[in-house]
Student: 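Let me give you the structure first, and then I'll get to my questions.
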Amino acid sequence: MQLKFLSLLFLLYTPFSYSQDSMDLDEIDQSNIKDLSLSDQAVLLSLKDAIEIGLRKNNHEITKNYQFHISENIYKNARYDLYFPKLSLKMSTNPQFLEDIYRDNISNQSNEKTPDGFVGLVFDQYTLFNWGKDYLTYVNAKEQFERQKENLDESKRETRFLILEQYFKLAKYRRIVEIYKKQLKQTSFIYRLAKEKRKSNKIKYQELLDAKSTFLDAHKKFHNALAYYQQEEANLANILGDDPSTTYKVVNQLKYFPLTESASALLSNRIKENPRVKDALLDLRTANRNYEKSLKENLPLPKFTVNLGAYKRTFSNSGLNDDYNTFDNSNNVELVGSIDMSWTIFGSGGFLNSRVKENAYFKKRVAQINYNESIRETKIDSRYALKTIQYLEQKYKAVELEKKNARDLYDVSIDGYISSKLNFVSLRNALYTQEKSLLEYENTKYEHLFYKIYLAKELALYDFPGERFEDLTLQ
(Lines give C-alpha, C1' and ligand atoms only; values in the text may rest on other atoms or scores of the structure.)
Protein backbone atom coordinates (compact mmCIF):
# COMPACT_ATOMS: atom_id res chain seq x y z
CA MET A 1 0.00 0.00 0.00
CA GLN A 2 2.84 2.35 0.88
CA LEU A 3 4.61 1.54 -2.44
CA LYS A 4 1.48 2.39 -4.46
CA PHE A 5 1.14 5.68 -2.59
CA LEU A 6 4.75 6.64 -3.37
CA SER A 7 4.27 5.74 -7.05
CA LEU A 8 1.13 7.88 -7.24
CA LEU A 9 2.94 10.77 -5.57
CA PHE A 10 5.83 10.45 -8.05
CA LEU A 11 3.42 10.53 -11.04
CA LEU A 12 1.72 13.63 -9.66
CA TYR A 13 5.07 15.34 -9.01
CA THR A 14 6.71 14.55 -12.36
CA PRO A 15 4.42 16.58 -14.71
CA PHE A 16 4.67 19.52 -12.34
CA SER A 17 8.44 19.30 -12.58
CA TYR A 18 8.34 19.30 -16.37
CA SER A 19 6.07 22.32 -16.52
CA GLN A 20 8.26 24.18 -14.04
CA ASP A 21 11.36 23.31 -16.11
CA SER A 22 9.69 24.59 -19.27
CA MET A 23 8.74 27.84 -17.61
CA ASP A 24 12.32 28.37 -16.35
CA LEU A 25 13.75 27.61 -19.76
CA ASP A 26 11.46 30.04 -21.56
CA GLU A 27 12.24 32.81 -19.10
CA ILE A 28 15.98 32.24 -19.45
CA ASP A 29 15.80 32.31 -23.25
CA GLN A 30 13.86 35.60 -23.20
CA SER A 31 16.28 37.30 -20.81
CA ASN A 32 19.16 36.00 -22.92
CA ILE A 33 17.77 37.54 -26.12
CA LYS A 34 17.04 40.81 -24.31
CA ASP A 35 20.64 41.13 -23.08
CA LEU A 36 22.13 40.32 -26.46
CA SER A 37 20.03 42.97 -28.19
CA LEU A 38 22.05 45.64 -26.39
CA SER A 39 25.02 44.95 -28.68
CA ASP A 40 23.05 46.24 -31.66
CA GLN A 41 23.66 49.79 -30.38
CA ALA A 42 27.45 49.36 -30.23
CA VAL A 43 29.87 51.47 -32.28
CA LEU A 44 31.84 49.59 -34.93
CA LEU A 45 35.54 49.98 -34.10
CA SER A 46 38.56 48.78 -36.04
CA LEU A 47 42.05 48.52 -34.56
CA LYS A 48 43.44 51.34 -36.70
CA ASP A 49 40.55 53.63 -35.73
CA ALA A 50 41.10 52.81 -32.05
CA ILE A 51 44.81 53.73 -32.25
CA GLU A 52 44.08 56.97 -34.11
CA ILE A 53 41.39 58.01 -31.61
CA GLY A 54 43.47 57.03 -28.60
CA LEU A 55 46.59 58.94 -29.64
CA ARG A 56 44.46 62.01 -30.29
CA LYS A 57 42.13 61.96 -27.26
CA ASN A 58 43.96 60.04 -24.53
CA ASN A 59 44.28 62.32 -21.47
CA HIS A 60 47.70 60.94 -20.57
CA GLU A 61 49.01 61.95 -24.00
CA ILE A 62 47.51 65.43 -23.66
CA THR A 63 49.18 66.00 -20.29
CA LYS A 64 52.48 64.64 -21.64
CA ASN A 65 52.42 67.32 -24.36
CA TYR A 66 51.93 70.05 -21.77
CA GLN A 67 54.73 68.63 -19.62
CA PHE A 68 57.01 68.68 -22.65
CA HIS A 69 56.33 72.39 -23.21
CA ILE A 70 57.06 73.09 -19.52
CA SER A 71 60.40 71.26 -19.82
CA GLU A 72 61.16 73.16 -23.02
CA ASN A 73 60.59 76.48 -21.28
CA ILE A 74 62.85 75.48 -18.37
CA TYR A 75 65.61 74.59 -20.82
CA LYS A 76 65.22 77.88 -22.73
CA ASN A 77 65.42 79.84 -19.49
CA ALA A 78 68.63 78.03 -18.48
CA ARG A 79 70.14 78.61 -21.94
CA TYR A 80 69.41 82.36 -21.95
CA ASP A 81 70.63 82.73 -18.35
CA LEU A 82 73.96 81.19 -19.33
CA TYR A 83 74.70 82.88 -22.65
CA PHE A 84 72.89 86.23 -22.58
CA PRO A 85 72.44 89.09 -20.11
CA LYS A 86 68.84 89.54 -19.05
CA LEU A 87 67.22 92.70 -20.42
CA SER A 88 63.97 93.82 -18.78
CA LEU A 89 61.51 96.64 -19.29
CA LYS A 90 60.77 98.00 -15.84
CA MET A 91 58.43 100.67 -14.56
CA SER A 92 58.10 101.94 -11.01
CA THR A 93 56.33 104.89 -9.31
CA ASN A 94 56.43 106.21 -5.78
CA PRO A 95 53.15 106.47 -3.82
CA GLN A 96 51.05 109.32 -5.25
CA PHE A 97 48.26 111.31 -3.59
CA LEU A 98 44.87 110.76 -5.24
CA GLU A 99 42.01 111.92 -2.98
CA ASP A 100 41.23 112.72 0.66
CA ILE A 101 39.37 110.12 2.70
CA TYR A 102 39.69 112.22 5.89
CA ARG A 103 41.65 115.43 6.50
CA ASP A 104 42.01 117.62 9.58
CA ASN A 105 42.47 121.39 9.47
CA ILE A 106 46.20 121.10 8.99
CA SER A 107 47.24 121.55 5.36
CA ASN A 108 49.54 118.56 5.00
CA GLN A 109 49.82 115.29 3.08
CA SER A 110 52.14 112.28 3.16
CA ASN A 111 52.47 111.76 -0.60
CA GLU A 112 53.15 114.02 -3.57
CA LYS A 113 50.35 114.88 -5.95
CA THR A 114 52.66 114.68 -8.95
CA PRO A 115 53.68 111.20 -10.22
CA ASP A 116 57.30 110.36 -9.39
CA GLY A 117 59.10 107.31 -10.85
CA PHE A 118 60.82 105.85 -13.89
CA VAL A 119 60.43 103.58 -16.91
CA GLY A 120 63.45 102.02 -18.57
CA LEU A 121 65.44 99.15 -20.02
CA VAL A 122 67.46 97.42 -17.31
CA PHE A 123 70.24 94.84 -17.65
CA ASP A 124 70.67 92.42 -14.74
CA GLN A 125 74.17 91.74 -13.50
CA TYR A 126 75.75 89.30 -16.00
CA THR A 127 78.16 86.54 -14.96
CA LEU A 128 81.10 86.18 -17.33
CA PHE A 129 82.90 83.34 -15.58
CA ASN A 130 81.87 81.18 -12.65
CA TRP A 131 84.26 78.18 -12.94
CA GLY A 132 81.66 76.15 -14.82
CA LYS A 133 79.07 76.04 -12.03
CA ASP A 134 76.40 77.79 -14.10
CA TYR A 135 77.33 75.65 -17.09
CA LEU A 136 76.73 72.44 -15.09
CA THR A 137 73.25 73.68 -14.18
CA TYR A 138 72.60 74.47 -17.85
CA VAL A 139 73.74 71.01 -19.03
CA ASN A 140 71.42 69.37 -16.47
CA ALA A 141 68.47 71.36 -17.84
CA LYS A 142 69.50 70.62 -21.43
CA GLU A 143 69.71 66.85 -20.91
CA GLN A 144 66.42 66.87 -18.99
CA PHE A 145 64.78 68.57 -21.96
CA GLU A 146 66.30 66.15 -24.48
CA ARG A 147 65.11 63.22 -22.36
CA GLN A 148 61.67 64.79 -22.16
CA LYS A 149 61.54 64.86 -25.96
CA GLU A 150 62.34 61.15 -26.01
CA ASN A 151 59.72 60.57 -23.30
CA LEU A 152 57.09 62.19 -25.49
CA ASP A 153 57.80 59.70 -28.27
CA GLU A 154 58.00 56.82 -25.78
CA SER A 155 54.67 57.84 -24.29
CA LYS A 156 52.99 57.63 -27.70
CA ARG A 157 54.50 54.17 -28.16
CA GLU A 158 53.24 53.11 -24.71
CA THR A 159 49.75 54.43 -25.45
CA ARG A 160 49.72 52.60 -28.78
CA PHE A 161 50.68 49.37 -27.04
CA LEU A 162 48.06 49.97 -24.34
CA ILE A 163 45.38 50.37 -27.02
CA LEU A 164 46.59 47.24 -28.81
CA GLU A 165 46.41 45.20 -25.61
CA GLN A 166 43.00 46.49 -24.60
CA TYR A 167 41.50 46.24 -28.09
CA PHE A 168 42.54 42.61 -28.51
CA LYS A 169 41.52 41.88 -24.92
CA LEU A 170 38.05 43.14 -25.76
CA ALA A 171 38.12 41.07 -28.96
CA LYS A 172 39.07 38.02 -26.88
CA TYR A 173 36.13 38.54 -24.54
CA ARG A 174 33.82 38.98 -27.50
CA ARG A 175 34.95 35.57 -28.74
CA ILE A 176 34.42 34.14 -25.24
CA VAL A 177 30.88 35.58 -25.21
CA GLU A 178 30.27 33.91 -28.58
CA ILE A 179 31.70 30.62 -27.25
CA TYR A 180 29.34 30.63 -24.27
CA LYS A 181 26.44 31.76 -26.44
CA LYS A 182 26.99 28.73 -28.64
CA GLN A 183 27.36 26.52 -25.58
CA LEU A 184 24.12 27.92 -24.22
CA LYS A 185 22.32 26.86 -27.40
CA GLN A 186 23.97 23.43 -27.26
CA THR A 187 23.01 22.83 -23.62
CA SER A 188 19.50 24.12 -24.31
CA PHE A 189 19.17 21.53 -27.08
CA ILE A 190 20.59 18.80 -24.82
CA TYR A 191 18.21 19.74 -22.02
CA ARG A 192 15.18 19.62 -24.31
CA LEU A 193 16.37 16.32 -25.70
CA ALA A 194 16.77 14.96 -22.15
CA LYS A 195 13.20 16.02 -21.35
CA GLU A 196 11.91 14.13 -24.34
CA LYS A 197 13.90 11.07 -23.34
CA ARG A 198 12.59 11.32 -19.81
CA LYS A 199 9.00 11.40 -21.09
CA SER A 200 9.63 8.15 -22.89
CA ASN A 201 11.45 6.72 -19.84
CA LYS A 202 14.74 6.33 -21.70
CA ILE A 203 16.72 8.11 -18.97
CA LYS A 204 16.47 8.49 -15.23
CA TYR A 205 15.22 11.64 -13.55
CA GLN A 206 18.70 12.29 -12.17
CA GLU A 207 20.06 12.54 -15.73
CA LEU A 208 17.39 15.13 -16.53
CA LEU A 209 18.49 17.17 -13.54
CA ASP A 210 22.10 16.84 -14.68
CA ALA A 211 21.10 18.17 -18.11
CA LYS A 212 19.25 21.08 -16.52
CA SER A 213 22.20 21.86 -14.23
CA THR A 214 24.52 21.86 -17.23
CA PHE A 215 22.21 24.26 -19.07
CA LEU A 216 21.94 26.63 -16.09
CA ASP A 217 25.72 26.53 -15.68
CA ALA A 218 26.11 27.54 -19.34
CA HIS A 219 23.62 30.34 -18.80
CA LYS A 220 25.59 31.61 -15.79
CA LYS A 221 28.90 31.46 -17.67
CA PHE A 222 27.42 33.30 -20.64
CA HIS A 223 26.24 36.23 -18.54
CA ASN A 224 29.49 36.31 -16.58
CA ALA A 225 31.37 36.58 -19.89
CA LEU A 226 28.98 39.31 -21.01
CA ALA A 227 29.66 41.24 -17.78
CA TYR A 228 33.44 40.91 -18.28
CA TYR A 229 33.04 42.12 -21.88
CA GLN A 230 31.16 45.20 -20.73
CA GLN A 231 33.82 45.91 -18.10
CA GLU A 232 36.56 45.74 -20.75
CA GLU A 233 34.46 48.06 -22.95
CA ALA A 234 34.58 50.66 -20.18
CA ASN A 235 38.36 50.18 -19.87
CA LEU A 236 38.82 50.74 -23.61
CA ALA A 237 36.57 53.82 -23.51
CA ASN A 238 38.76 55.23 -20.73
CA ILE A 239 41.92 54.73 -22.79
CA LEU A 240 40.36 56.24 -25.92
CA GLY A 241 39.02 59.25 -24.01
CA ASP A 242 35.40 58.31 -24.80
CA ASP A 243 32.39 58.39 -22.51
CA PRO A 244 32.53 55.40 -20.10
CA SER A 245 29.08 54.30 -21.24
CA THR A 246 30.22 53.89 -24.85
CA THR A 247 29.73 50.38 -26.22
CA TYR A 248 31.89 48.93 -28.99
CA LYS A 249 31.71 46.14 -31.50
CA VAL A 250 35.27 45.28 -32.41
CA VAL A 251 35.50 44.32 -36.08
CA ASN A 252 39.00 42.81 -35.90
CA GLN A 253 40.06 39.57 -34.24
CA LEU A 254 43.61 38.68 -33.30
CA LYS A 255 45.70 36.79 -35.84
CA TYR A 256 48.44 34.56 -34.48
CA PHE A 257 51.89 35.34 -35.87
CA PRO A 258 55.04 33.75 -34.40
CA LEU A 259 58.04 35.85 -33.46
CA THR A 260 60.73 35.93 -36.14
CA GLU A 261 64.30 34.83 -35.43
CA SER A 262 65.63 38.27 -36.37
CA ALA A 263 63.57 39.75 -33.53
CA SER A 264 65.27 37.41 -31.04
CA ALA A 265 68.69 38.60 -32.24
CA LEU A 266 67.87 42.18 -31.16
CA LEU A 267 67.91 41.24 -27.49
CA SER A 268 71.54 42.12 -26.75
CA ASN A 269 71.64 45.25 -28.94
CA ARG A 270 68.60 47.10 -27.59
CA ILE A 271 69.03 46.89 -23.81
CA LYS A 272 70.34 50.46 -23.44
CA GLU A 273 67.42 51.80 -25.48
CA ASN A 274 65.02 50.79 -22.72
CA PRO A 275 63.30 53.89 -21.20
CA ARG A 276 64.07 52.69 -17.67
CA VAL A 277 67.78 52.45 -18.52
CA LYS A 278 67.77 55.87 -20.20
CA ASP A 279 66.13 57.47 -17.16
CA ALA A 280 68.71 55.86 -14.87
CA LEU A 281 71.56 57.06 -17.10
CA LEU A 282 70.19 60.61 -17.00
CA ASP A 283 69.99 60.47 -13.20
CA LEU A 284 73.59 59.21 -13.09
CA ARG A 285 74.91 62.03 -15.29
CA THR A 286 72.97 64.61 -13.31
CA ALA A 287 74.30 63.23 -10.01
CA ASN A 288 77.88 63.32 -11.34
CA ARG A 289 77.53 66.98 -12.34
CA ASN A 290 75.87 67.88 -9.03
CA TYR A 291 78.77 66.27 -7.16
CA GLU A 292 81.27 68.21 -9.26
CA LYS A 293 79.33 71.39 -8.59
CA SER A 294 79.29 70.73 -4.82
CA LEU A 295 83.09 70.44 -4.82
CA LYS A 296 83.47 73.75 -6.66
CA GLU A 297 81.00 75.50 -4.40
CA ASN A 298 83.14 74.52 -1.41
CA LEU A 299 86.20 76.36 -2.79
CA PRO A 300 86.90 80.13 -2.53
CA LEU A 301 86.68 80.66 -6.28
CA PRO A 302 86.14 84.24 -7.51
CA LYS A 303 83.07 85.07 -9.58
CA PHE A 304 83.55 87.51 -12.46
CA THR A 305 80.60 89.71 -13.39
CA VAL A 306 79.79 92.83 -15.36
CA ASN A 307 77.07 95.38 -14.74
CA LEU A 308 75.70 96.72 -18.02
CA GLY A 309 73.44 99.23 -16.27
CA ALA A 310 70.09 100.64 -17.33
CA TYR A 311 68.65 103.29 -19.62
CA LYS A 312 65.88 105.10 -17.70
CA ARG A 313 63.43 107.93 -18.24
CA THR A 314 62.52 109.45 -14.89
CA PHE A 315 59.52 111.66 -14.27
CA SER A 316 58.64 113.90 -11.33
CA ASN A 317 57.32 117.40 -10.57
CA SER A 318 60.62 118.67 -11.95
CA GLY A 319 59.85 117.21 -15.40
CA LEU A 320 61.36 114.38 -17.50
CA ASN A 321 64.95 113.23 -17.52
CA ASP A 322 66.76 110.55 -19.62
CA ASP A 323 69.94 108.96 -18.32
CA TYR A 324 72.10 105.84 -18.51
CA ASN A 325 73.70 104.54 -15.31
CA THR A 326 75.58 101.40 -14.31
CA PHE A 327 75.66 102.41 -10.64
CA ASP A 328 74.96 105.61 -8.70
CA ASN A 329 75.88 108.70 -10.76
CA SER A 330 78.15 106.72 -13.10
CA ASN A 331 77.91 105.10 -16.52
CA ASN A 332 81.16 103.16 -16.33
CA VAL A 333 81.05 99.52 -17.48
CA GLU A 334 83.35 97.54 -15.18
CA LEU A 335 84.49 93.96 -14.84
CA VAL A 336 84.05 92.90 -11.21
CA GLY A 337 85.51 89.94 -9.32
CA SER A 338 84.05 88.80 -6.02
CA ILE A 339 84.20 85.89 -3.59
CA ASP A 340 81.13 84.91 -1.61
CA MET A 341 81.84 81.81 0.46
CA SER A 342 80.77 80.36 3.79
CA TRP A 343 82.09 77.27 5.62
CA THR A 344 80.22 75.73 8.49
CA ILE A 345 82.35 75.25 11.62
CA PHE A 346 79.64 73.69 13.77
CA GLY A 347 76.01 72.90 12.97
CA SER A 348 73.95 71.92 9.94
CA GLY A 349 76.08 70.87 6.98
CA GLY A 350 78.98 69.51 9.02
CA PHE A 351 82.49 70.83 9.58
CA LEU A 352 83.61 72.73 6.45
CA ASN A 353 80.38 71.63 4.72
CA SER A 354 81.54 67.99 4.80
CA ARG A 355 78.04 66.51 4.97
CA VAL A 356 76.96 68.49 1.91
CA LYS A 357 79.80 66.95 -0.11
CA GLU A 358 79.12 63.50 1.33
CA ASN A 359 75.45 63.64 0.39
CA ALA A 360 76.31 64.64 -3.18
CA TYR A 361 78.79 61.74 -3.37
CA PHE A 362 76.31 59.23 -1.94
CA LYS A 363 73.65 60.34 -4.46
CA LYS A 364 76.20 59.78 -7.19
CA ARG A 365 76.90 56.24 -5.95
CA VAL A 366 73.19 55.46 -5.63
CA ALA A 367 72.60 56.68 -9.19
CA GLN A 368 75.42 54.41 -10.43
CA ILE A 369 73.90 51.38 -8.66
CA ASN A 370 70.41 52.20 -10.00
CA TYR A 371 71.81 52.45 -13.52
CA ASN A 372 73.52 49.07 -13.30
CA GLU A 373 70.39 47.58 -11.76
CA SER A 374 68.19 48.97 -14.54
CA ILE A 375 70.35 47.21 -17.13
CA ARG A 376 70.21 43.96 -15.18
CA GLU A 377 66.42 44.15 -14.73
CA THR A 378 65.91 44.91 -18.42
CA LYS A 379 68.00 41.89 -19.41
CA ILE A 380 66.04 39.65 -17.02
CA ASP A 381 62.64 40.94 -18.15
CA SER A 382 63.55 40.73 -21.84
CA ARG A 383 64.83 37.16 -21.59
CA TYR A 384 61.78 36.14 -19.55
CA ALA A 385 59.46 37.63 -22.18
CA LEU A 386 61.36 35.89 -25.00
CA LYS A 387 61.27 32.51 -23.22
CA THR A 388 57.57 32.90 -22.52
CA ILE A 389 56.88 33.73 -26.17
CA GLN A 390 58.77 30.63 -27.29
CA TYR A 391 56.82 28.50 -24.79
CA LEU A 392 53.49 29.95 -25.93
CA GLU A 393 54.34 29.28 -29.58
CA GLN A 394 54.83 25.60 -28.76
CA LYS A 395 51.66 25.63 -26.67
CA TYR A 396 49.68 27.23 -29.50
CA LYS A 397 50.42 24.29 -31.80
CA ALA A 398 48.99 21.92 -29.18
CA VAL A 399 45.87 23.96 -28.34
CA GLU A 400 45.07 24.42 -32.03
CA LEU A 401 45.05 20.64 -32.49
CA GLU A 402 43.19 20.21 -29.21
CA LYS A 403 40.45 22.60 -30.39
CA LYS A 404 39.87 20.59 -33.57
CA ASN A 405 39.90 17.30 -31.66
CA ALA A 406 37.45 18.64 -29.03
CA ARG A 407 35.04 19.79 -31.75
CA ASP A 408 35.12 16.35 -33.38
CA LEU A 409 34.68 14.70 -29.98
CA TYR A 410 31.58 16.77 -29.27
CA ASP A 411 30.07 16.05 -32.70
CA VAL A 412 30.53 12.31 -32.19
CA SER A 413 29.24 12.50 -28.62
CA ILE A 414 26.06 14.44 -29.44
CA ASP A 415 25.28 12.00 -32.23
CA GLY A 416 25.82 9.13 -29.81
CA TYR A 417 23.57 10.74 -27.18
CA ILE A 418 20.78 11.38 -29.70
CA SER A 419 20.86 7.73 -30.72
CA SER A 420 21.07 6.66 -27.04
CA LYS A 421 24.42 4.97 -27.61
CA LEU A 422 26.21 7.33 -25.22
CA ASN A 423 25.33 8.40 -21.68
CA PHE A 424 24.95 11.99 -20.56
CA VAL A 425 28.11 12.04 -18.43
CA SER A 426 30.27 11.32 -21.49
CA LEU A 427 28.42 13.99 -23.48
CA ARG A 428 28.92 16.53 -20.69
CA ASN A 429 32.63 15.71 -20.53
CA ALA A 430 32.87 16.27 -24.30
CA LEU A 431 31.00 19.58 -23.91
CA TYR A 432 33.36 20.82 -21.18
CA THR A 433 36.40 19.61 -23.14
CA GLN A 434 35.22 21.68 -26.09
CA GLU A 435 34.69 24.71 -23.84
CA LYS A 436 38.14 24.33 -22.25
CA SER A 437 39.89 23.94 -25.62
CA LEU A 438 38.19 27.02 -27.14
CA LEU A 439 39.00 29.18 -24.11
CA GLU A 440 42.58 27.92 -24.03
CA TYR A 441 42.95 28.75 -27.71
CA GLU A 442 41.76 32.35 -27.27
CA ASN A 443 43.78 32.89 -24.08
CA THR A 444 46.97 31.49 -25.64
CA LYS A 445 46.67 33.80 -28.64
CA TYR A 446 46.19 36.82 -26.42
CA GLU A 447 49.01 35.87 -24.02
CA HIS A 448 51.33 35.45 -27.01
CA LEU A 449 50.47 38.97 -28.18
CA PHE A 450 50.79 40.35 -24.64
CA TYR A 451 54.36 39.08 -24.22
CA LYS A 452 55.35 40.20 -27.70
CA ILE A 453 54.22 43.71 -26.77
CA TYR A 454 56.01 43.38 -23.43
CA LEU A 455 59.23 42.42 -25.21
CA ALA A 456 58.81 45.31 -27.66
CA LYS A 457 58.46 47.71 -24.71
CA GLU A 458 61.61 46.37 -23.07
CA LEU A 459 63.58 46.74 -26.32
CA ALA A 460 62.02 50.15 -27.15
CA LEU A 461 60.62 48.94 -30.47
CA TYR A 462 57.47 50.07 -32.26
CA ASP A 463 57.32 46.83 -34.24
CA PHE A 464 59.44 43.75 -34.72
CA PRO A 465 61.33 43.23 -38.01
CA GLY A 466 59.05 41.70 -40.61
CA GLU A 467 55.74 42.45 -38.85
CA ARG A 468 53.50 45.29 -37.73
CA PHE A 469 51.20 44.93 -34.76
CA GLU A 470 48.40 46.66 -36.68
CA ASP A 471 48.51 43.86 -39.26
CA LEU A 472 47.80 41.10 -36.70
CA THR A 473 44.09 41.30 -37.44
CA LEU A 474 41.34 39.12 -38.86
CA GLN A 475 38.01 40.50 -40.02
Side-chain angles (χ1 to χ4, degrees), residues 45-51 54 154 156-179 232 236 239 250-277 377-409 433-475:
L45 185 68
S46 69
L47 177 60
K48 291 182 179 179
D49 289 342
I51 293 174
E154 290 165 359
K156 291 179 180 178
R157 184 175 65 225
E158 286 286 328
T159 301
R160 172 176 172 263
F161 283 148
L162 187 62
I163 295 169
L164 279 164
E165 288 179 15
Q166 189 58 40
Y167 183 91
F168 282 123
K169 191 174 185 180
L170 186 63
K172 181 189 78 170
Y173 274 104
R174 182 170 183 82
R175 281 288 302 128
I176 291 175
V177 168
E178 292 171 354
I179 289 169
E232 297 305 330
L236 182 60
I239 295 171
V250 292
V251 299
N252 298 128
Q253 288 293 328
L254 176 60
K255 178 175 69 175
Y256 170 78
F257 191 84
L259 191 66
T260 60
E261 293 184 4
S262 57
S264 304
L266 294 171
L267 197 61
S268 59
N269 301 327
R270 298 284 305 180
I271 296 298
K272 292 189 177 181
E273 297 300 319
N274 180 279
R276 180 172 60 237
V277 175
E377 289 178 357
T378 302
K379 288 180 179 178
I380 292 173
D381 292 346
S382 299
R383 288 190 172 91
Y384 170 74
L386 181 60
K387 292 294 183 183
T388 305
I389 290 169
Q390 293 170 346
Y391 153 74
L392 289 171
E393 288 178 354
Q394 296 300 318
K395 181 182 177 181
Y396 178 81
K397 297 176 183 177
V399 296
E400 190 175 32
L401 295 173
E402 182 187 23
K403 183 183 72 164
K404 182 179 182 303
N405 183 72
R407 184 179 63 246
D408 295 340
L409 176 62
T433 299
Q434 178 183 245
E435 172 195 339
K436 176 178 174 294
S437 67
L438 291 171
L439 294 178
E440 194 74 16
Y441 177 76
E442 296 300 327
N443 287 329
T444 301
K445 279 202 308 179
Y446 178 76
E447 285 182 40
H448 183 259
L449 172 75
F450 176 85
Y451 280 102
K452 283 173 70 176
I453 291 176
Y454 185 81
L455 181 60
K457 289 179 183 178
E458 290 298 311
L459 301 181
L461 292 170
Y462 269 91
D463 296 291
F464 289 110
E467 72 171 90
R468 293 179 68 250
F469 284 107
E470 284 90 336
D471 295 335
L472 303 180
T473 56
L474 296 170
Q475 295 295 331

Student: For a 4.5 angstrom cut-off between non-hydrogen side-chain atoms, does Leu170 reach Leu45?
Tutor: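 SC-SC contact between Leu170 and Leu45 ruled out.
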Student: With rounding to the nearest 0.5 angstrom, report the CG to NZ distance, Leu254 to Lys169.
Tutor: 14.0 Å
Student: So if I apply the side chain to side chain contact (heavy atoms under 4.5 Å, CB included) rule between Lys397 and each of Glu400, Glu393, Gln394, which one comes out positive?
Tutor: Gln394
Student: Walk me through it: do Leu259 and Leu386 pass the test side chain to side chain contact (heavy atoms under 4.5 Å, CB included)?
Tutor: CA-CA 9 Å; Leu259 191 66; Leu386 181 60; 3.7 Å; yes
Student: Do other residues, nucleotides or ligands put more than 12 heavy atoms under 6.0 Å from Tyr384 OH?
Tutor: no
Student: Taking ring pair (Phe, Tyr, Trp, His ring centres under 6.0 Å) as the definition, give me every residue that meets it alongside Phe161, ordered by chain and number, with sequence neighbours left out.
Tutor: Phe469
Student: Are side-chain heavy atoms of Leu47 and Phe168 found at a separation under 4.5 Å?
Tutor: yes
Student: On the 0 to 90° scale, with breaks at 30° and 60°, tag the Phe450-Tyr446 ring pair as parallel, tilted or perpendicular.
Tutor: tilted
Student: With sequence neighbours left out, which residue pairs that include part of residues 380-389 fulfil the salt bridge (Lys or Arg N to Asp or Glu O under 4.0 Å) condition?
Tutor: Arg276-Asp381
Student: Once rounded to the nearest 0.5 Å, what's the spacing between atom CG of Leu162 and atom CD1 of Ile51?
Tutor: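 Between Leu162 CG and Ile51 CD1, I get 11.0 Å after rounding to 0.5 Å.
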Student: Hey, could you give me the CG/CG distance between Leu438 and Asn443, rounded to the nearest 0.5 Å?
Tutor: 11.0 Å
Student: Just verifying a value: how many Å separate Asp408 CG and Gln434 CD, rounded to the nearest 0.5 Å?
Tutor: 10.0 Å
Student: Going from CD1 on Ile389 to OH on Tyr451, what distance comes out if it is rounded to the nearest 0.5 angstrom?
Tutor: 9.5 Å
Student: A side-chain contact here means heavy atoms from C-beta on lying under 4.5 Å apart; do Ser382 and Asn274 qualify?
Tutor: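 Contact flag for Ser382/Asn274 side chains = no.
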Student: Given side chain to side chain contact (heavy atoms under 4.5 Å, CB included), test Leu455 with Leu459 step by step and report yes or no.
Tutor: CA-CA 6 Å; Leu455 181 60; Leu459 301 181; 4.0 Å; yes
Student: Under the salt bridge (Lys or Arg N to Asp or Glu O under 4.0 Å) definition, can you give me all pairs with a residue in residues 462-475, not counting sequence neighbours?
Tutor: Arg160-Asp463, Arg160-Glu470, Lys452-Glu467, Arg468-Glu470, Arg468-Asp471
Student: Identify which one of Lys445, Lys395, Lys403 satisfies the side-chain hydrogen bond (donor to acceptor under 3.5 Å, both in side chains) criterion when paired with Glu440.
Tutor: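 Of the listed residues Lys445, Lys395, Lys403, the side-chain hydrogen bond (donor to acceptor under 3.5 Å, both in side chains) partner of Glu440 is Lys395.
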Student: Where is the tightest heavy-atom contact between Thr260 and Pro465, given as atom of each residue plus distance?
Tutor: OG1-O, 3.4 Å
Student: Check whether any side-chain N or O of Tyr167 sits under 3.5 Å from a backbone N or O of Asn252 as a donor-acceptor pair, and report yes or no.
Tutor: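 Here the side-chain-to-backbone pair exists.
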Student: For the salt bridge (Lys or Arg N to Asp or Glu O under 4.0 Å) test, which of Glu273, Glu165, Glu154 pairs with Lys457?
Tutor: Glu165
Student: Measure the spacing between CG of Leu449 and OG1 of Thr444 and express it to the nearest 0.5 Å.
Tutor: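 That separation rounds to 12.5 Å.
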